[in-house]
Amino acid sequence: MPSLALLAAVALSAPQPGDIKSFGDWSVGCDNGWACQLVSLVPEDEADTVLFARAVVSVSPGPEPDVAIDLTLEPLPDGALTLVVDGKALAEVARRQGTLSVAGTAARAVLAAAVNGRMLELWRSGKPVAAVSLRGSAAALRYVDEQQRRAGTAGAFVARGAAPASAIPTAPALPDVPRAALAERAIEDPSGAIANGLRRFAGCDDIDSGADNALHAVALDGRALLVLVPCGSGAYNASFVPLITAGGTTALATFDLKPDDDGQGRPLLMNADWDAKTGTLSSYYKGRGLGDCGAARNYVWDGTRFRLVEARGMNECRGAADWITIWRATPKPR
């Protein structure tokens with residue numbers, strides 16, 4: 001039996017994605033490298049007369065953070081636009097690939113005003129064309145101060161103190177994850193009796209075996225195959241059980257951070273997909289058809305198990321098209 005010390009070490013080495021918090025009309029989260037994102041939400045008491053833009057604020061760690069504010073608005077208005085907080089013009093907006101953006105010193109000025117502000121607006125020709133509620137933004141920025149170890153320093157956004165900004169510690173480096181060399185060979189998807197046997201092994205033999213529920217197989221390396229077995233679907237989510245076949249044996253795929261299961265110990269990947277170019281296995285769950293909430297994870301194969309390289313999520317189903325990154329790792333060829 002493994003010792004308690006060994007179990008504790010394994011638990012600590014497993015990925016630990018950050019939390020996503022919601023404050024008023026904002027959600028916020030940070031990854032394991034202390035990079036944080038704040039995402040605006042459509043107010044629950046949305047007024048029909050107000051056009052709400054979507055805002056994403058990105059803040060890097062460290063004493064002199066990079067700050068960027070990206071806004072999405074449909075339809076995108078013509079002409080010059082200005083960011084205004086409670087009637088005070090603060091920054092001209094740049095257009096970048098269909099997104100409105102403000103960065104650097106101007107973005108930090110907007111955040112400073114947002115702490116005590118009520119509404120962030122986009123103005124054109126001296127009139128507002130869209131708005132972003134600032135309710136909860138101060139609390140979300142205070143959370144960033146805590147996660148990036150800014151609280152109590154002059155470099156904090158909200159929780160300012162006497163300590164110099166230089167006292168803000170360096171963020172931890174992102175972990176490296178080994179990735180096995182990908183096999184350059186085509187694999188036919190299992191069918192017939194082989195497919196039926198894999199369905200039974202996965203516990204998904206009660207699922208219709210028609211073309212829409214065909215198994216999908218890919219070569220992971222020179223030895224192992226990944227087989228994605230369809231195991232049920234709803235209006236906008238489909239579940240898959242991942243199997244590994246190698247040397248004539250079949251087993252459930254293992255992960256350094258196990259996906260959700262159905263209570264039977266089987267890993268379930270939602271809307272699973274394999275990207276052969278990057279060797280990435282992805283899974284994402286939509287909280288509703290609009291896709292403004294849910295969770296997503298990306299994995300790479302290390303030769304034995306799948307390793308988490310990215311996790312994103314959004315807990316609030318309130319119009320946010322951008323999910324918050326809460327874990328990152330860097331794949332390294334073995």
Side-chain angles (χ1 to χ4, degrees), residues 20 22-31 33 35-43 46 50-61 64-86 88-114 117 119-137 140-141 144 157 282 284 286-296 298 310-326 328:
I20 296 176
S22 294
F23 302 95
D25 296 328
W26 288 80
S27 285
V28 58
C30 304
D31 65 21
C36 299
Q37 292 177 299
L38 304 89
V39 176
S40 70
L41 308 172
V42 175
E46 175 185 359
V50 178
L51 176 60
F52 285 95
R54 299 194 300 267
V56 178
V57 180
S58 303
V59 182
S60 69
E64 298 181 2
D66 292 326
V67 178
I69 302 173
D70 294 315
L71 300 106
T72 304
L73 179 62
E74 298 174 0
L76 195 64
D78 296 327
L81 295 169
T82 303
L83 272 185
V84 176
V85 173
D86 294 347
K88 181 180 180 180
L90 294 170
E92 296 300 314
V93 178
R95 296 174 184 267
R96 179 171 53 83
Q97 297 179 345
T99 299
L100 308 173
S101 63
V102 175
T105 302
R108 287 193 288 272
V110 173
L111 292 192
M119 194 71 71
L120 172 67
E121 294 177 317
L122 277 168
W123 282 27
R124 181 186 61 189
S125 302
K127 296 181 180 180
V129 295
V132 175
S133 170
L134 292 176
R135 187 175 70 93
S137 60
L141 285 168
V144 171
F157 295 101
S282 63
Y284 74 94
K286 294 200 295 185
R288 63 176 181 172
L290 186 61
D292 58 347
C293 54
N298 291 338
E310 183 184 38
R312 296 177 294 112
M314 173 55 66
N315 296 341
E316 300 282 346
C317 300
R318 291 171 56 188
D322 299 275
W323 295 0
I324 296 171
T325 300
I326 51 177
R328 287 183 296 152

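Bear in mind that the values here come from a model prediction, so they are computed numbers and not experimental data.
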Go through the steps for M119 and V132 under the test side chain to side chain contact (heavy atoms under 4.5 Å, CB included), then give the verdict. CA-CA 6 Å; M119 194 71 71; V132 175; 5.8 Å; no
Tell me the closest heavy-atom pair linking [X] and [Y], and the distance in Å.
{"X": "A113", "Y": "V85", "value": "O-CG1, 3.8 Å"}
{"X": "C293", "Y": "W323", "value": "O-CZ2, 3.3 Å"}
{"X": "A91", "Y": "V102", "value": "CB-CG1, 3.9 Å"}
{"X": "D86", "Y": "G117", "value": "OD2-CA, 3.2 Å"}
{"X": "A140", "Y": "L38", "value": "CB-CD2, 3.5 Å"}
{"X": "L51", "Y": "V129", "value": "CD2-O, 3.7 Å"}

Please check this pair: side chain of R288 against backbone of C317, looking for a donor-acceptor N/O pair closer than 3.5 Å. yes
Would a distance-only check, ignoring hydrogens and angles, find a side-chain to backbone donor-acceptor pair under 3.5 Å from R54 to A320?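 No.
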Distance in Å, [X] [atom1] paired with [Y] [atom2], rounded so as to fall on 0.5 Å steps:
{"X": "N298", "Y": "R312", "atom1": "CG", "atom2": "CZ", "answer": "6.5 Å"}
{"X": "I20", "Y": "M314", "atom1": "CD1", "atom2": "CE", "answer": "6.5 Å"}
{"X": "E121", "Y": "L83", "atom1": "CD", "atom2": "CG", "answer": "10.5 Å"}
{"X": "L90", "Y": "I69", "atom1": "CG", "atom2": "CD1", "answer": "9.0 Å"}
{"X": "S137", "Y": "F23", "atom1": "OG", "atom2": "CZ", "answer": "11.5 Å"}
{"X": "D66", "Y": "R108", "atom1": "CG", "atom2": "CZ", "answer": "7.5 Å"}

Expected list for residues 71-81: side-chain donor-acceptor pairs under 3.5 angstrom, two or more places apart:
none

E316 side chain to S22 side chain, donor-acceptor N/O pair below 3.5 angstrom: yes
Does F157 form a side chain to side chain contact (heavy atoms under 4.5 Å, CB included) with V67? I'd like the steps, not just the answer. CA-CA 11 Å; F157 295 101; V67 178; 4.3 Å; yes
Sort out for me which residue in V144, T325, I324, V57 forms a side chain to side chain contact (heavy atoms under 4.5 Å, CB included) with C36.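 Looking at V144, T325, I324, V57, the match for C36 under the side chain to side chain contact (heavy atoms under 4.5 Å, CB included) is V144.
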Option from L41, L141, V39, L134 for which side chain to side chain contact (heavy atoms under 4.5 Å, CB included) with W26 holds: L134
Pairwise side-chain contact, Q37 with V28, heavy-atom cut-off 4.5 Å (strictly under):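 Not touching, per the 4.5 Å side-chain cut-off.
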Taking side-chain hydrogen bond (donor to acceptor under 3.5 Å, both in side chains) as the definition, give me every residue that meets it alongside D70, ordered by chain and number, with sequence neighbours left out. R96
